[in-house]
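All values below were derived from every heavy atom in this structure, side-chain atoms included, with hydrogens, water molecules and symmetry-related copies excluded. Being a predicted model, the structure only gives us computed values, none of them experimental.
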Amino acid sequence: MSSYLDELNDVQRAAVTTTEGPVLVIAGPGSGKTRVLTYRIAHLLQQGVAPWEILTLTFTNKAAREMKERIENVVGARAQSLWAGTFHSIFARILRTEASKLGFPSSFSIYDTDDTTSVLRAIIKEMSLDTNVYNASAIRSRISLAKSNLISPKAYRENADMMQQDRAAKRPYIVDIYEKYVARCQRSGAMDFDDLLFQLYRLFRDNPDQVLEKYQKKFRYIHVDEFQDTNFLQYAILRRLVKYPGSPENVFVVGDDAQSIYAFRGATIDNILDFEKDYPLLKTFKLEQNYRSTHHIVSAANEVISFNRRQLNKTIWTDKVDRHKIKLLRCVTDDEEGRRVADLILEQKHRYHLPNHDIAILYRTNAQSRKFEEHLRRLNLPYRVFGGTSFYQRKEVKDFVGYLRLAVNPLDEEALRRVINFPTRGISDATVDKLSAVAGASNIAMWEAMLSPQLDVTDRARKSLATFRHMVEDWQKRVASEPASRLAAEILRKSGLFDALKGDTSPEGISRLENVNAVLDAISEFADSPGLPAEAPAPAGVAEPGIFPQAGAAVSDRSLSAYLQTITLLTDADEKNDGNDHITLMSVHSAKGLEYKSVFVTGLEENLFPSFMSMEDPNGLDEERRLFYVAITRAKEFLTISFSKSRYRFGSLRESNPSRFLDEIGGQHYELLGGIGSGRGPAAAQNQQQPVTQPRAGVSGNFANPRMRAVTRPAAPIAIPAGFKVSPVEDIVPGVTVLHLKFGEGKVTSVEGPKDNKVATIQFKNDDMPERRIVLKFAKLQVM
DNA sequence: GTTTCGCATCTTTTT
DNA sequence: GATGCGAAAC
């Protein structure tokens with residue numbers, strides 16, 4: 001058999017070669033998930049499946065790109081014609097082709113979260129509602145929730161539950177806002193993130209023969225990466241694509257319920273459970289060997305996740321030998337945390353010769369990056385911050401992009417509002433409000449309302465409007481014919497934006513100008529890049545066939561319009577690597593799917609990690625725990641966890657307690673680090689005075705002063721009985737009653753697994769889980 | 001019509 | 001600490 005199959009273990013190979021029918025791969029962290037996915041696709045190509053018949057939905061565009069590259073290494077240039085990308089970007093591509101069927105222009109705009117919030121704010125204001133009660137971003141999440149559950153404004157009004165909730169929250173007009181919002185998006189020729197899913201669903205539902213069937217036939221093999229993070233709507237679309245009479249149901253999904261961290265966005269592990277129900281012929285493979293991390297790290301991760309109430313059965317194990325324990329860094333202030341992490345990085349770099357790209361600092365909230373940046377800069381260590389306000393969210397960039405969007409789609413009201421009077425050109429807020437009122441009254445776009453006879457403004461304003469309109473009309477005419485980069489450069493000058501920025505010689509002003517120029521560069525690069533698939537001369541004349549001409553063209557679409565749709569859907573992870581060797585700083589969410597030799601997981605404090613937003617709700621806490629699980633499993637060799645006793649948050653210094661998650665790691669896996677900064681400054685001195693209880697081996701990590709912890713967890717902790725003695729593994733057999741330090745008394749129902757890695761299923765008496773699977777080599781159990 | 005400043009508000013994670 | 005909003009000054 002081909003050599004690439006030899007690089008797989010038995011389970012991996014079985015998954016890769018099961019090409020027909022529905023397949024579910026449950027893949028623990030570091031278990032070679034990407035490898036399985038790429039080899040499976042390569043395998044399909046080797047067997048003669050055409051690349052454009054294979055659809056792969058990933059979480060980031062970068063993941064898709066890397067996958068393509070790896071496949072290319074196996075099968076060559078054909079890989080470039082694969083359909084691979086995020087749900088949102090692939091769907092946007094399909095929508096672009098089919099937009100007219102939904103009453104949208106094919107160059108529709110995509111509203112990001114800011115745009116959406118701003119539209120909502122305008123609607124709320126126009127409706128004269130109390131902005132304290134009707135908070136735009138809260139309404140946005142409410143509408144997003146509705147869309148993700150396929151609830152249209154009409155359905156919302158008929159939905160007793162939703163309406164009742166709104167009345168209870170004293171916000172009965174949400175449904176009206178929702179209705180207006182949808183109308184406004186439609187007349188603006190704009191879709192928000194949820195629309196990219198919602199509208200595609202509508203498209204498929206309402207055009208089963210002309211549209212849906214075409215795609216069902218086209219995509220003979222469909223793959224989904226990070227399946228645990230798909231939401232209801234994404235799954236509903238997937239199901240329509242895959243499940244129909246006569247379908248071969250060639251759908252291959254890869255996921256890990258323990259790494260599901262997007263419940264707040266509607267993702268649910270129910271999808272995995274539903275998947276088993278929806279596809280009776282499903283074959284399931286479990287990848288349980290972790291090739292990434294050392295034993296201490298894997299064990300700590302297993303212990304932490306065992307505290308969650310609901311999980312699929314699996315046991316992650318590794319044969320990597322330990323060299324280093326997990327380090328626990330206890331700090332007094334967030335500044336000390338920043339300093340010690342930076343110092344430790346320097347030390348690790350020297351002692352183990354780590355390049356910067358082997359190192360990552362992870363945190364729960366983006367706001368935490370600051371302190372680390374300060375201290376890395378102090379030590380001259382190069383770093384890069386991912387997330388937070390991305391490049392495309394900066395004001396000057398949004399302004400420029402606003403002009404570009406308007407040239408491509410003048411109906412786009414958000415773009416229009418943004419740029420109509422910036423730089424100022426004599427069009428006042430009052431005039432804009434009037435425009436908006438006319439637009440609302442006759443349900444036309446504001447762009448069209450400029451010409452309406454009903455528009456009652458001063459002659460001066462009318463003149464300003466006409467000048468502005470002519471300027472945009474000119475661009476609009478040329479957008480289809482002229483090279484994107486040339487037109488964009490002209491728009492930058494003619495709009496007056498360039499002069500406005502040039503006038504500002506402050507350092508910030510200069511950097512704003514640089515940013516805008518960077519957009520120009522990006523457009524040139526985008527326009528000049530050889531267009532991914534179709535144009536790369538496919539070997540032996542295998543271009544994507546004509547049954548799907550437009551989409552084939554869309555693949556290599558280098559227009560301004562294509563550029564704009566692309567950038568809105570970029571994720572942090574997609575940001576281009578500048579080729580420099582730098583330390584990575586990012587949120588734990590963004591780190592999903594990545595790995596580093598040395599990882600610092602920071603800010604392990606109650607109300608921060610787990611977040612105060614999740615503390616009330618047990619499901620929320622479980623999600624935070626999965627997030628922590630994701631964080632620690634990013635590390636291959638060195639894992640350092642830090643927390644601080646106090647921290648600046650929301651503008652003032654606050655006390656904080658160590659995170660409950662720390663107690664869930666067994667003491668044998670970590671060591672408390674004596675301050676590097678000992679004797680340096682008051683914080684360090686104070687730190688030394690703190691009495692520190694060293695963890696006792698064998699007892700669940702109780703590193704911190706116990707009085708600091710008001711413990712709340714599913715199973716109430718029980719007192720350690722005098723004379724508790726851990727029984728040897730051999731004594732744990734089915735039928736015996738055991739005592740567990742966390743879960744109390746329980747009965748062993750079964751024991752399985754290899755001799756050195758036995759797993760027992762135990763029913764605990766006072767526990768809200770029917771049963772738990774306990775990895776015996778880590779557990780502290782006494783036979784009673 | 002435009003700019004600036006002070007005040008209030010809201011702070012998670014992301015496509 | 002960042003952002004939005006309204007009022008006052010230009």
(request) May I have the step-by-step check of ring pair (Phe, Tyr, Trp, His ring centres under 6.0 Å) for Phe661(A) and Phe307(A), ending in yes or no? (result) CA-CA 9 Å; Phe661(A) 298 152; Phe307(A) 279 79; 9.2 Å; no

(request) Kindly say if Ser590(A) contacts the phosphate of dT14(B), meaning a side-chain N or O under 4.0 Å from OP1 or OP2. (result)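 For dT14(B), OP1 or OP2 has a side-chain N or O of Ser590(A) closer than 4.0 Å.
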
(request) Answer yes or no: does a side-chain N or O of Thr86(A) lie under 4.0 Å from OP1 or OP2 of dT15(B)? (result)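 Thr86(A) to dT15(B) OP1/OP2: no side-chain N or O under 4.0 Å.
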
(message) Base contacts versus sugar-phosphate-only contacts with protein, heavy atoms under 4.0 Å: please encode nucleotides 6-12 of chain B as B, S and - from 5' to 3'.
(response) -----BB

(request) For side-chain contact (heavy atoms from CB on, under 4.5 Å), just list the numbers for Ile361(A) and Met586(A), CA-CA rounded to whole Å, side-chain angles, deciding distance to a tenth of an Å, and then say yes or no. (result) CA-CA 7 Å; Ile361(A) 304 177; Met586(A) 59 168 63; over 6 Å; no

(request) Would you kindly compare Phe193(A) and Thr431(A) by the position of their nearest DNA chain B nucleotide and give the one closer to the 5′ end? (result)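 It is Thr431(A), whose closest nucleotide lies nearer the 5' terminus.
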
(message) Using heavy-atom distances to pick each residue's nearest nucleotide on DNA chain B, tell me which of Ser428(A) and Thr568(A) is more 5'.
(response)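 Its nearest nucleotide being more 5', the pick is Ser428(A).
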
Using whole Å, what does the distance between atom [atom2] of nucleotide [N] and atom [atom1] of [X] come to?
X: Leu197(A); N: dT14(B); atom1: CG; atom2: P; answer: 18 Å
X: Leu594(A); N: dT14(B); atom1: CG; atom2: P; answer: 13 Å
X: Ile420(A); N: dT2(B); atom1: CD1; atom2: P; answer: 12 Å
X: Arg140(A); N: dT15(B); atom1: CZ; atom2: C1'; answer: 11 Å
X: Ile143(A); N: dT15(B); atom1: CD1; atom2: C1'; answer: 17 Å
X: Glu226(A); N: dT15(B); atom1: CD; atom2: C1'; answer: 13 Å
X: Phe386(A); N: dT14(B); atom1: CZ; atom2: C1'; answer: 16 Å
X: Asp429(A); N: dT3(B); atom1: CG; atom2: C1'; answer: 12 Å

(message) Assess whether a salt bridge exists between Arg171(A) and Asp166(A), defined as any Lys/Arg side-chain N lying under 4.0 Å from an Asp/Glu carboxylate O.
(response)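 Here Arg171(A) does not pair with Asp166(A) in a salt bridge, since their nearest N and O are not under 4.0 Å apart.
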
(request) From the options dT2(B), dT13(B), dT15(B), select the nucleotide whose nearest atom is closest to the side chain of Ser587(A). (result)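 That would be dT13(B).
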
(message) Do Glu226(A) and Val254(A) have side chains that approach each other closer than 4.5 Å (heavy atoms only, starting at C-beta)?
(response)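 Side-chain contact under 4.5 Å: no.
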
Taking any heavy-atom pair under 4.0 Å as a contact, classify [X]: base, sugar-phosphate, or nothing.
X: Thr113(A); result: base
X: Phe87(A); result: nothing
X: Asn421(A); result: sugar-phosphate

(message) Is the terminal nitrogen or CZ of Arg142(A) (NZ for Lys, CZ for Arg) located under 6.0 angstrom from the six-membered ring centre of Tyr178(A) and within 45° of that ring's axis?
(response)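 Not flagged: Arg142(A) not positioned over aromatic ring of Tyr178(A).
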
(request) Establish, yes or no, whether the cationic atom of Lys592(A) lies under 6.0 Å from the six-membered ring centre of Phe59(A) and within 45° of the ring axis. (result)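 Geometry flag: set, cation within 6.0 Å and 45°.
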
(message) Could you tell me the boundaries of the chain A footprint on DNA chain C, defined by atoms under 4.0 Å from its heavy atoms?
(response)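 From 5' to 3', the first and last contacting nucleotides are dG1(C) to dC5(C).
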
(message) Does the plane of the ring in Phe264(A) sit parallel, tilted or perpendicular to the ring in Tyr262(A)? Use 30° and 60° as the thresholds.
(response)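 Aromatic pair Phe264(A)/Tyr262(A) classed tilted.
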
(request) Determine, using ring centers only, whether Phe600(A) and Tyr363(A) are less than 6.0 Å apart. (result)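 Here the rings of Phe600(A) and Tyr363(A) have centres that are no less than 6.0 Å from each other.
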
(request) Return yes if a side-chain donor-acceptor contact under 3.5 Å exists between Ser644(A) and Glu337(A), otherwise no. (result)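 Looking only at side-chain atoms, Glu337(A) and Ser644(A) do not form any donor-acceptor pair under 3.5 Å.
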
(request) Check ring pair (Phe, Tyr, Trp, His ring centres under 6.0 Å) between Phe372(A) and all other residues, then give those that pass, not counting sequence neighbours. (result)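 If we apply the ring pair (Phe, Tyr, Trp, His ring centres under 6.0 Å) test to Phe372(A), skipping adjacent residues, there are no hits.
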
